Amino acid sequence: MVRVELSKLLQLQTDAKRVRNICILAHVDHGKTTLADSLIASNGIISSRLAGKLRYMDSRPDEQERQITMKSSSIALYHREETPCEAEPADEHLINLIDSPGHVDFSSEVSTAIRLCDGAIIVVDVVEGVCPQTRVCLQQAYSEQLSTVLLLNKIDRLVLEKKLEPAEAYLHLTQVLEQVNAVVGNLFATDVLAREQVNAGVDQTSALEEADDSVLYYSPQQGNVLFGSALDGWAFDLATFAKLYQGKLDGVTDAGELLNGLWGDYFYSPRRKAIECGAAEKGRKPLFVQLVLDNLWNIYGLVENRDEGKLRSISERCGVTQNPRDLRHADGRVPVRNLLSGWLPIERSLLGAICRIVPNPTSITDIKAEKLLCSRLFDFSSYPPETRALKDDIMRCDAASDRLIVFVSKMFPIEHGALAGAKETLERLTKNLTLNAIDEGAVEDGVEAEIFLAFARVYSGTLRRGSKVYVIGPKYDPRTMHTEADNATTNPHLIEVEIDSLFLLMGRQLEPVDFVPAGNIVGIGGLQNVVLKTATLCNSRFCPPFVDLPLIATPILRVAVEPKDIQKMPQLVRGLKLLNQADACVQVRVQESGEHVLLTLGEVHLERCIKDLQETYARIELNVSKPIVPFKETIVPFVPTSEENPEEEIAKDREKDKTVTMQTPNRQCTIKLEAVPLAQEVVDLLNRNESVLKALIRAHDEKQPLPQALQDSITELRKSLEGLLPERIPFDRIWSFGPKKCGTNLLVNGSDFVHSSVWHESEPLEREAVPSEAPEDPRKQYESSFLNGFQMASLAGPLCDEPMQGVAFLVDRWELDLTVGVDLASVASHGPLSGQIMSAVKEGCKKAFQNQPQRLVHPMYSCNITVNSDVLGKLYAVIGRRQGRILSADLIEGSGQFDVTAVIPVIESFNFATEIRKQTSGLAMPQLVFSHWETVDIDPYWVPSTEEEYLQYGEKADFTNVARVYMDAIRERKGLAVEKKLVEFAEKQRTLSKNK
């Protein structure tokens with residue numbers, strides 16, 4: 001196809017109804033980038049012969065080397081619908097296509113792509129079926145309300161690799177489609193039941209019975225399922241073959257009847273001249289096999305059984321012109337590829353389906369517009385009327401609107417070569433950045449400045465070069481605007497900037513433009529110094545920041561970095577700043593110890609970040625620490641170890657006094673407390689509601705009224721928590737959560753002190769109970785010190801200074817006698833009482849913690865691997881050596897492969913992928929994603945004590961205590977004391993002289 005002129009694309013941009021914004025979502029190696037290549041080739045940007053080999057959207061060298069996509073990139077494509085009547089004008093569309101990564105380590109890039117799109121192509125490899133990342137993609141598409149099209153890709157593998165018969169392939173395709181629909185149905189049911197209000201009344205019917213899911217599922221008859229091969233450049237939907245066979249089957253004149261009969265248990269009866277049901281029962285070929293798959297299998301049969309004459313005649317009948325040189329090509333697949341891509345071009349059916357199914361930018365729903373502007377925990381009606389009016393602007397998506405709204409989903413670096421056609425723009429951007437770098441003192445001679453563009457979508461109005469807009473940061477709140485105007489203060493989260501340059505994103509190339517109307521995706525230059533990762537641009541101060549992107553995976557793998565030459569620290573700091581801006585997945589932190597720490601999603605992501613830092617952003621040699629894995633500390637209920645007398649051990653444990661009494665150095669304050677383990681259900685509940693507790697603290701600190709949605713969430717949390725807590729921990733006596741006031745540890749007040757409510761509500765009943773003439777409790781002024789002591793203890797536990805999890809501290813007594821130790825010498829030596837109380841509570845909590853059975857809690861990866869049965873044993877051995885365990889191993893029907901699901905500790909996962917590939921000769925590719933926290937079921941301080949243990953382990957306990965190893969490693973890294981014997985067994989050592 002001839003390359004489309006830029007002027008044509010710019011003309012289509014002005015009509016939002018002709019624009020479609022879509023992304024490609026799939027599991028790793030299911031064919032996303034190859035599909036993008038085939039669609040790009042249809043626009044004449046690359047040769048169709050290079051589609052699938054060039055990987056045009058993968059512009060980074062390491063993407064080409066590893067053959068995986070690591071970033072989202074966009075390209076504008078032109079599509080012209082073929083009309084049955086030549087007199088009618090062809091329907092033209094502009095499609096902004098975003099190719100996204102499939103590897104779990106780059107899942108945040110997928111979030112940035114999904115936010116800017118209205119629809120998605122879900123690609124599934126028909127041989128591998130539904131994989132873990134496919135489920136994640138379907139879940140994201142559902143939660144962001146994207147209209148999707150399903151492409152069952154790599155059908156050529158069923159013929160050439162799996163050697164399936166057409167009937168077997170049809171059965172396999174129906175199973176894959178059922179798997180996808182099962183995932184969608186599960187998502188729908190979960191969503192409906194989550195929103196269902198359970199009534200205690202007479203009506204016991206579930207909301208699922210009334211919910212409409214008729215258009216939810218993928219069905220070939222609806223036109224939202226396509227079959228094809230991106231590598232060979234062909235795809236079709238049922239309508240393609242329904243048109244092809246219309247009027248060619250005797251007795252079948254209705255196109256709708258033929259379309260419905262092409263998928264399902266239907267066959268054509270030549271005797272009755274009709275389409276009938278029950279093909280499987282009567283042993284007949286289904287219509288899909290007879291009319292579609294048999295033809296495809298016959299064509300693919302010519303790859304191995306070369307027949308030039310047959311190929312030429314089939315090509316002529318299909319209206320495809322074959323080059324004589326291609327017909328004699330050494331690779332038999334080349335002429336077959338030319339035939340299929342000419343007969344069933346992938347762009348015609350796939351882009352046609354996109355234009356039909358995916359809504360244009362003017363069709364954003366009311367719910368989605370509100371979801372973009374307001375998070376679930378805030379009340380949209382609490383915003384000013386001017387802010388609420390912006391929702392209508394987003395829904396209208398009018399380019400002529402005065403209200404300009406743009407959302408920046410990420411910042412991305414560009415190569416200077418991408419701006420080869422716009423030298424003036426390149427020089428201007430480079431000059432601005434060099435001036436800023438000189439101001440910071442971090443510019444080097446002969447080094448080109450890194451240029452970042454904003455990856456954005458215009459939701460309303462027209463964005464023009466040179467126009468002035470407000471950059472609205474994620475923490476800006478339009479409700480506080482009036483108070484700022486009265487106080488004449490400037491808001492740090494609201495900055496006015498001038499738009500320097502605009503670009504149409506064309507994969508590896510950028511085309512400068514002067515304006516971009518609403519509904520389009522755009523690259524914006526000149527925002528590098530004011531936008532970190534995401535931002536909202538608007539010409540009104542009333543616009544709230546768009547809701548944060550959904551987080552798919554949690555960054556759990558962290559390393560500390562430092563320059564080999566310490567004098568180059570400024571370059572490292574600047575490099576980390578640029579890396580943080582360029583990578584949507586990475587998090588950069590500076591620890592209290594002064595270490596610069598990178599938080600990444602996995603080993604592949606970590607390698608890429610270090611490589612970028614050393615070669616592009618900092619350009620210095622680095623020392624990289626061993627990966628740092630976060631742990632937590634907890635206590636568990638006492639478990640007897642003796643098999644003979646467990647009751648006796650339990651009775652002894654009950655007799656022990658586990659309470660701790662602490663006194664401040666000046667003896668004015670006495671505290672008595674005890675630590676109690678919390679049930680796992682309570683920990684899970686508090687973990688799920690961490691964002692709710694954070695929002696409650698923020699609203700209280702800013703003295704703002706609670707939104708209704710937040711009040712409902714808090715009410716639900718309180719009700720659930722009250723039901724789960726044991727009798728020993730009264731719900732109304734909860735004093736604080738920790739650490740950081742929103743963790744999974746509780747401070748429970750069992751003393752006579754009247755504490756302030758943890759839910760920040762007034763307590764008139766308790767206030768009335770105290771007589772008005774009674775003096776104020778002297779402990780009231782020290783309450784914050786007591787709480788801070790608890791927060792400090794729960795943030796750094798006694799085992800290895802890691803945060804605590806699932807511990808409740810019951811305060812039995814808190815007494816204060818201000819008459820003792822009031823002399824000046826005592827005050828001078830011990831300091832203020834508030835600090836003493838803080839230290840006493842902190843130490844008391846740690847000692848109470850140590851009086852209970854202690855455990856470490858470590859993070860776990862969930863690992864999904866598809867392997868052949870002959871290497872299953874080696875796979876189990878590798879997982880066993882790394883303290884992992886197998887959860888399931890299911891045979892994938894029709895493939896002879898096993899889908900293995902396992903969990904493995906994060907700390908044991910380094911070089912896991914490399915070892916798996918070595919042991920299985922490259923046949924297994926693990927996908928590791930953070931799953932949950934799990935308790936290490938052994939006491940780090942355990943030593944043999946009973947007779948049975950001495951018999952089993954010996955006096956020296958010659959087995960590795962895994963928890964002790966983990967704990968000592970963390971303590972060594974933090975510089976804490978470690979009990980380590982330099983000489984373990986002296987009698988085994990020899991002097992050198994004896995060996996002579």
Side-chain angles (χ1 to χ4, degrees), residues 115-116 372-374 383-391 393-394 398-412 425 428-440 449 451-503 512-518 520-548 577-578 580-581 702:
R115 172 52 62 85
L116 302 185
L372 289 173
L373 291 169
C374 179
Y383 283 126
E386 295 90 342
T387 303
R388 295 201 296 273
L390 294 175
K391 185 172 84 168
D393 288 314
I394 290 174
D398 184 8
S401 171
D402 297 333
R403 192 73 65 232
L404 173 70
I405 304 170
V406 181
F407 177 67
V408 176
S409 74
K410 69 167 183 171
M411 300 294 289
F412 67 100
T425 311
R428 190 172 65 253
L429 288 170
T430 311
K431 187 181 174 186
N432 291 347
L433 290 175
T434 310
L435 288 172
N436 283 318
I438 289 168
D439 292 342
E440 292 172 13
I451 299 174
F452 286 82
L453 295 188
F455 191 51
R457 171 173 166 177
V458 184
Y459 280 90
S460 173
T462 301
L463 184 63
R464 299 179 188 279
R465 247 191 73 189
S467 57
K468 292 204 169 180
V469 295
Y470 291 112
V471 175
I472 297 162
K475 293 185 179 176
Y476 178 70
D477 190 347
R479 291 173 292 191
T480 61
M481 204 177 64
H482 294 297
T483 55
E484 283 163 16
D486 296 341
N487 300 336
T489 54
T490 54
N491 193 316
H493 306 298
L494 189 76
I495 305 164
E496 191 174 17
V497 295
E498 186 178 325
I499 299 297
D500 183 281
S501 45
L502 300 172
F503 300 95
V513 292
D514 290 327
F515 66 93
V516 177
N520 289 284
I521 288 170
V522 60
I524 308 171
L527 297 180
Q528 183 166 348
N529 299 317
V530 288
V531 176
L532 179 61
K533 292 193 178 187
T534 65
T536 310
L537 311 183
C538 188
N539 55 7
S540 161
R541 294 168 66 97
F542 285 100
C543 183
F546 274 36
V547 174
D548 287 343
K577 201 190 221 174
L578 292 171
N580 193 25
Q581 196 167 23
E702 293 171 3

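Numbering starts at 1 and runs along the sequence shown. Reckoned from all heavy atoms, side chains included, excluding hydrogens, waters and symmetry mates. Here the structure is a predicted model, which is why all the values come from computation and not from measurement.
Atom CD1 of residue Ile521 and atom OG of residue Ser409 lie 8.5 Å apart, to the nearest 0.5 angstrom. In this structure, NZ in Lys533 is found 4.0 Å from CG in Asn580, a value given to the nearest 0.5 Å. Taking CD1 of Ile451 as the reference point, atom CE of Met411 lies at 11.5 Å (rounded to 0.5 Å). Between the OG1 atom in Thr534 and the CZ atom in Phe546 there is a gap of 11.0 Å [rounded to 0.5 Å]. Put simply, SG on Cys538 and OH on Tyr476 are 9.5 Å apart, with the number rounded to the nearest 0.5 Å. Separation of atoms OG1 (Thr536) and CG (Leu373) is listed at 8.5 Å; rounding is to 0.5 Å.
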Could you walk me through whether Ile524 and Val406 pass side chain to side chain contact (heavy atoms under 4.5 Å, CB included), step by step?
CA-CA 10 Å; Ile524 308 171; Val406 181; 4.1 Å; yes
Could you walk me through whether Val497 and Lys468 satisfy the side chain to side chain contact (heavy atoms under 4.5 Å, CB included) test, starting with their C-alpha distance in whole Å, then the side-chain angles of each, then the deciding distance to 0.1 Å, before giving a yes or no?
CA-CA 6 Å; Val497 295; Lys468 292 204 169 180; over 6 Å; no
Determine, step by step, whether Leu404 and Leu537 satisfy the side chain to side chain contact (heavy atoms under 4.5 Å, CB included) criterion, reporting the C-alpha distance in whole Å, the side-chain angles of both residues, the deciding distance to 0.1 Å, and the verdict.
CA-CA 8 Å; Leu404 173 70; Leu537 311 183; 5.9 Å; no
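A cation-pi contact links Arg115 to Phe407, judged by a cut-off of 6.0 Å to the six-membered ring centre and 45° from its axis. Within the cation-pi definition used here (under 6.0 Å to the ring centroid, within 45° of the axis), Arg464 qualifies as a partner of Phe515.
Under the 4.5 Å side-chain criterion, counting only non-hydrogen atoms from C-beta, Pro544 is in contact with Leu390.
At distances below 3.5 Å, not a single donor-acceptor pair connects side-chain atoms of Tyr470 with backbone N or O atoms of Phe542. The main-chain N or O of Gln528 is found under 3.5 Å from a side-chain atom of Gln581 such that the two form a donor-acceptor pair. Not a single donor-acceptor pair under 3.5 Å links the side chain of Asn520 to the backbone N or O of Val458.
Scanning all heavy atoms of the two residues, the minimum distance from Val522 to Val516 falls at CG2-CG2, 3.5 Å. Across Gly473 and Pro545, no two heavy atoms sit closer than the pair O-CB, 3.4 Å. When all heavy atoms of Cys543 and Ile472 are compared, the closest pair comes out as O-CD1, 3.4 Å. Considering every non-hydrogen atom in both Asp393 and Ser401, the closest pair reads OD1-OG, 3.7 Å. The heavy-atom pair separating Ile499 from Val469 by the smallest distance is CD1-CG2, 3.8 Å. Nearest heavy atoms, Leu116 versus Arg457: O-NH1, 2.9 Å.
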